[in-house]
Enquirer: 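Structure incoming, see below.
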There are 2 protein chains.
Amino acid sequence: MNLKQLSHMLSLSQTTVSRALNGYPEVNEETRRRVMDAAKHHGYRPNPSARRLATGKSGMIGYVLPTGAAVDIDPHFVEFLSGLGDYARAHELDLVLSPADADDEETTYRRIVANRQVDAVYISSPRPADKRLALVNTLGIPFIVHGRSEGFDFDYPYLDIDNEGAFHEAARLLIQLGHKRLALINGNERETFAIHRERGVRRALAASGLTLGERHIRSVTMTEENGYRAARRLLEEAEPPTAIVCSSLIMALGVVRAVRDLDRTIPGDLSLVAHDDVFPWLRPENFPVPLSTTRSSIRLAGARVAERLAARISELEEGARGEVWPVDLVVRGSVAGAPG
Amino acid sequence: MNLKQLSHMLSLSQTTVSRALNGYPEVNEETRRRVMDAAKHHGYRPNPSARRLATGKSGMIGYVLPTGAAVDIDPHFVEFLSGLGDYARAHELDLVLSPADADDEETTYRRIVANRQVDAVYISSPRPADKRLALVNTLGIPFIVHGRSEGFDFDYPYLDIDNEGAFHEAARLLIQLGHKRLALINGNERETFAIHRERGVRRALAASGLTLGERHIRSVTMTEENGYRAARRLLEEAEPPTAIVCSSLIMALGVVRAVRDLDRTIPGDLSLVAHDDVFPWLRPENFPVPLSTTRSSIRLAGARVAERLAARISELEEGARGEVWPVDLVVRGSVAGAPG
DNA sequence: CGAAATAGCCAAAGCGCTTTGGAAGTCTCT
DNA sequence: AGAGACTTCCAAAGCGCTTTGGCTATTTCG
């Protein structure tokens, strides 16, 4: 059943039927009713390919997925996706994943924009002066950044959590408990979130006249193994830190293992706080010693990003609105007063 | 630059240019050269929307993503996706994720087929007599199942690993080491892979005149917490199992924690084998006691599924070919002879 | 050598929608 | 009553491809 048939059936022109269905004003209300009813009754659904060709809009949102033999997709991605799906499902919004060579995402961005494959895109894990951001900005496709970048002469719409604030609070708590030697096991130092987190920790330390030693900060990709290695190095020093702030639960698993291997205890010898993106399959309260966390649901962020993308597509949202979510500090058994 | 302009430029008809570009035979080789060169030189790329409308092919593959407040996307998904991307990237194949209400995926499948949004779909985590399978089969869209279903009167194309064989081997090894009380911490019992794994364990036990006690099998969703709970229950029995086979690394984390909490040791009191889908961020060799595993890279499976989907789209692959991959059994420190 | 086959090209008709540029008919106002 | 302003609809022109049917040379073959 296509538009032609439907309009024939109603003895109306395609124009009128199309307009009635799409809510244009120049059609009599009663006519609109008739059309709507007939459409519903016959289960008419406009052909999206045709609509696309005519309007240039696809009704989909896009994400360029960096891939490559040496590239691993962040496990957080799947949770973000859950959230995105939560919103998109209710709005028949589909998501197009365009795999790209991690070393050349630009080609793919250009392709999807030139082809008008998607109406909007989102960008995640941005770095300072991230090229993708500058690119989509000039390409003129609606977008939202999940996270923040820095060092541009233009503003852009984003959704981020207060990474600096969160890690500032975490560090402050530890300092209040008497810890003087803090360490930070951070994510990839080139990503903005990691920079913000480091900033938060440093600021808290500075407020008490303390500093983050050169060797007391590690920036690594977030795997269990990297968490373990980083923790071992830190703890095997002559004057090991008495508290660690860690950028992910997965790395925290490694930290816990390292502490065990070295026959130390949490929180006796070491206090530990980690950031929790809220995975359903790994909960901080179920760590051997319940883990204190800075918590922010990445899933909710996904839903919000989808919502805002939809708003931008329909031009309900405009401009460079930035949104920063506060982060909860949840204190559990893994922190205690500094030893000694 | 569109076809019209290009053909004008070459003083050829759109027909000829189109045919030259798409490799049809009824065009002079020299003409084809000219066309190809001009197309490359001017950076001509056919408009996909137009092509879609004309051919009905979208050049994308689809996946219906079950979502809902209570639905969590399997963390394995992201690794599978990495593999899919590895292949798709090289072929400019995009992936469309269509979020659907987990309780009603049918509507979404019907929509994407009716709208011809994608040329092929894949289905993952199938259950016996899975409705999605019957549905896509009747809808007539090319598809591949990642995993297997059972109980249909038709065959279908799939890619699966030898779950039964893998768990048979794992159980057999443990039995050879003298274990008589095995337990299985399995995934959701309604999914085929879990059924196959259970079958494998039972078969190995039966071969030695042993059985899997009613209380020695747990089917749960794969979270750390569920692994912990299942292990505790098992280990707190009067006659606890001396070996556990576990369906995922994530659950194995919980098992390890439970063993610790009960002051037992691996492999002294308990031997442990788990299935490893090969996550980059959690490696069995890095468990407190290196974990024996049945290993199969879900990422490679993703790449293979993409490859086969592409083949089916271009009709290079047909029929109901099933492909079953063998699984490696990797023995590490977590298994030992039965205690006592 | 004439008929039939083949190679190589083209005009035009889709694909199914949206949107432009009217054209009637109806109201409103002087 | 006639001019102007709405209201309500329509025919037709896109959107940019693919594909059908046909046409003109050129080659092949009995």
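Heavy-atom basis, side chains included; hydrogens, waters and symmetry copies ignored. Lettering of chains follows the sequences in order, A, B, ..., and the numbering in each one begins at 1.
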Enquirer: Of the nucleotides C:dT18, D:dT18, D:dG16, which one has an atom closest to the side chain of B:T55?
Expert: D:dT18
Enquirer: Take atom NE2 of B:H8 and atom C1' of C:dA11, then tell me their distance rounded to the nearest Å.
Expert: 15 Å
Enquirer: Give the angle between the helix axes at the two ends of the helix from C:dC1-D:dG30 to C:dT30-D:dA1, taking five base pairs at each end and rounding to 10°.
Expert: 40°
Enquirer: Under 30°, 30 to 60°, or over 60°: which ring-plane class applies to A:F80 and A:Y122, parallel, tilted or perpendicular?
Expert: tilted
Enquirer: Please state how far atom CZ in A:R51 lies from atom P in D:dG16, giving the value in whole angstrom units.
Expert: 18 Å
Enquirer: What integer distance in Å separates B:L10:CG from C:dG8:C1'?
Expert: 15 Å
Enquirer: Applying side chain to side chain contact (heavy atoms under 4.5 Å, CB included) between A:Y63 and each of A:I123, A:L97, A:V96, report the one that passes.
Expert: A:L97
Enquirer: Kindly say if A:N2 contacts the phosphate of C:dC15, meaning a side-chain N or O under 4.0 Å from OP1 or OP2.
Expert: no
Enquirer: Considering non-hydrogen atoms only, spot the tightest contact between A:N137 and A:F154 and give its length.
Expert: CG-CE1, 3.6 Å
Enquirer: Less than 4.0 angstrom between a side-chain N/O of A:S18 and OP1 or OP2 of C:dC17, yes or no?
Expert: no
Enquirer: Are the charged groups of B:E105 and B:K131 less than 4.0 angstrom apart, N to O?
Expert: no
Enquirer: Grab the two heavy atoms, one from A:G68 and one from B:R299, that are nearest each other, plus how far apart they are.
Expert: O-NH2, 2.8 Å
Enquirer: So, is A:Y44 near the phosphate of C:dC17, with a side-chain N or O under 4.0 Å from OP1 or OP2?
Expert: yes
Enquirer: Considering just the side-chain nitrogens and oxygens of B:Y24, establish if one lies under 4.0 Å of OP1 or OP2 belonging to D:dT19.
Expert: yes
Enquirer: Of the nucleotides D:dT18, D:dG16, C:dC17, which has the atom closest to the B:A50 side chain?
Expert: D:dG16
Enquirer: Rounded to whole Å, how long is the line connecting atom CG of A:L6 with atom P of C:dC17?
Expert: 9 Å
Enquirer: Taking the inter-plane angle between the rings of A:F152 and A:Y156 on a 0 to 90° scale, is it parallel (under 30°), tilted (30 to 60°) or perpendicular (over 60°)?
Expert: perpendicular
Enquirer: Strictly below 4.0 Å, N to O, side chains only: are A:D86 and A:R304 in salt-bridge contact?
Expert: no
Enquirer: Taking NZ, NE, NH1 and NH2 as the nitrogens, is one of them in B:R34 or B:E30 under 4.0 Å from a carboxylate oxygen of the other?
Expert: no
Enquirer: For side-chain hydrogen bond (donor to acceptor under 3.5 Å, both in side chains), just list the numbers for B:S13 and B:T16, CA-CA rounded to whole Å, side-chain angles, deciding distance to a tenth of an Å, and then say yes or no.
Expert: CA-CA 5 Å; B:S13 73; B:T16 304; 3.1 Å; yes
Enquirer: Reading nucleotides 4-13 of chain D 5' to 3', which nucleotides get B (base under 4.0 Å from a protein heavy atom), which S (sugar-phosphate only), which -?
Expert: ----BBBBB-
Enquirer: Without decimals, in angstroms, what is the distance between B:M1 CE and D:dC17 C1'?
Expert: 15 Å
Enquirer: Output the rounded distance in Å from CG (B:L3) to C1' (D:dG14).
Expert: 16 Å
